[in-house]
Amino acid sequence: MDKNKNTVLIVDDEPQIRKMLHIYLDASDFHVEEAEGGKQAIRVAASVKPDLILLDLGLPDMDGKDVITSIRGWSQVPIIVLSVRSVDEEIAAALDAGADDYMTKPFGAQVLLARIRANLRKAVVKETGEPELANGVIRMDLVRHEVFLQKEKLLLTPKEYGLLRYFLFNCGRMLTHKQILKDVWGQAHNEDVQYLRVFISQLREKLANDPATAGYIVTEPGIGYRMETVAPCAAEATTS
């Protein structure tokens, strides 16, 4: 791969569309990667870390909006949706999910290339991120939605996973009850502090499977919770 070329990932289940886009982009000096389904697109995005993604919404294995949501969990790579869906509700939903731009099929090659360049200019500081979060002996694979303590896989419910992910993203920060409830469960649960306590208790119990994680989630009385930042070497020392 030429490191001096911007890499564009084409995600579309129609081979003729991928071929046409590949020709356009190759002629305009882009490096091209392809995926025909949503799950493959997420894997390729994680491994290749493209500079921009062209995404169809009508994929065979999952809706394109879910692909956007998954990738946005660990990357801010520019995403341009290319879709036959032209109703306002679909466009708004894709943009709300995290898409940067939206073009309806059919489209002109020159306009598409101009949109690609415009979105690449906006991403001067590339925030592709890493598809993994870690703190001490905890490691979270954001692509596969898997959590490990040391090398042991930890089984979490979707809400427990979302809560742990939020703590890892905000490691070291004091988080209020309302802040956690709003960001993890949504506006409707702002006042459900007891509901939060139940999930914190469940998460702590599962993390307690490894003695090294004892005390990772600290209670700030009357305020909220904080996940202590633990260096990998410190975690290793705790378990040795």
Side-chain angles (χ1 to χ4, degrees), residues 42 46 65-77 79 92-93 95-100 125-240:
I42 294 168
K65 295 188 290 296
D66 294 327
V67 176
I68 297 170
T69 301
S70 179
I71 292 175
R72 281 292 173 260
W74 49 269
S75 174
Q76 292 303 309
V77 58
I79 299 175
L95 294 172
D96 285 343
D100 298 275
V125 178
K126 300 195 187 310
E127 295 177 324
T128 53
E130 292 295 332
E132 187 176 286
L133 294 172
N135 184 34
V137 299
I138 302 174
R139 181 174 64 84
M140 176 177 281
D141 186 326
L142 296 168
V143 178
R144 298 181 182 275
H145 284 214
E146 293 178 341
V147 178
F148 296 88
L149 296 182
Q150 304 282 12
K151 295 183 180 180
E152 288 291 319
K153 188 174 178 179
L154 187 64
L155 297 179
L156 299 177
T157 67
K159 285 301 182 187
E160 290 167 350
Y161 176 90
L163 183 59
L164 179 59
R165 178 176 176 269
Y166 188 70
F167 276 123
L168 289 170
F169 264 121
N170 294 281
C171 219
R173 290 180 56 200
M174 193 279 291
L175 304 165
T176 67
H177 297 124
K178 281 190 175 183
Q179 192 176 1
I180 299 169
L181 286 163
K182 174 178 174 292
D183 291 345
V184 178
W185 277 273
Q187 197 76 36
H189 291 277
N190 265 3
E191 305 298 328
D192 294 343
V193 177
Q194 187 55 40
Y195 185 71
L196 174 60
R197 289 193 182 110
V198 170
F199 276 92
I200 292 288
S201 176
Q202 291 174 187
L203 187 56
R204 280 174 167 161
E205 185 176 346
K206 291 186 177 181
L207 291 177
N209 288 338
D210 190 316
T213 59
Y216 267 40
I217 300 175
V218 178
T219 300
E220 297 283 356
I223 301 172
Y225 301 93
R226 183 183 73 257
M227 173 170 270
E228 297 281 19
T229 301
V230 182
C233 58
E236 291 166 6
T238 305
T239 57
S240 60

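Counting heavy atoms from C-beta on, the side chains of V184 and F199 never come closer than 4.5 Å. In this structure the side chain of L207 reaches within 4.5 angstrom of the side chain of L154, judged on heavy atoms. Within the 4.5 Å cutoff, side-chain heavy atoms of L156 are placed close to those of L203. By the 4.5 Å heavy-atom criterion applied to side chains, L196 and L163 are counted as neighbours. Counting heavy atoms from C-beta on, the side chains of Y166 and Q179 come closer than 4.5 Å. W185 is listed as a side-chain neighbour of K159, based on a closest heavy-atom distance under 4.5 Å. With contacts defined as side-chain heavy-atom distances shorter than 4.5 Å, the pair L168/M227 qualifies. For the pair I180 and F167, the minimum side-chain heavy-atom distance is below 4.5 Å.
What you find for E146 and F148 is that their closest heavy atoms are OE1-CZ, 3.6 Å. In terms of heavy-atom proximity, V77 sits nearest to S75 at N-OG, 3.1 Å. When all heavy atoms of A97 and K65 are compared, the pair lying nearest together is CB-O, 4.1 Å. What you find for R197 and Y225 is that their closest heavy atoms are CG-OH, 3.5 Å. Summarising the geometry of K206 relative to L149, their closest heavy-atom pair is O-CD1, 4.0 Å, with the distance given to 0.1 Å.
Annotation: the span from I217 atom CD1 to R226 atom CZ amounts to 11.5 Å, rounded to 0.5 Å. In this structure, the separation between CD1 on I71 and CD1 on I79 is 5.0 Å, given to the nearest 0.5 Å. Interatomic distance, CD1 of I223 versus CG of L175, reported as 11.5 Å (0.5 Å rounding). Remark: R204 CZ to L164 CG distance equals 12.5 Å, nearest 0.5 Å.
Inspection of the N135 and Y216 side chains reveals no N or O donor paired with an N or O acceptor under 3.5 Å.
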Pair M140-Y161, side chain to side chain contact (heavy atoms under 4.5 Å, CB included): steps then yes or no: CA-CA 9 Å; M140 176 177 281; Y161 176 90; 3.8 Å; yes
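At most 12 non-hydrogen atoms from other residues, nucleotides or ligands lie less than 6.0 angstrom from NZ of K178.
The pair D96-R72 fails the salt-bridge criterion, with no side-chain N (NZ, NE, NH1 or NH2) lying under 4.0 Å from an Asp/Glu carboxylate O.
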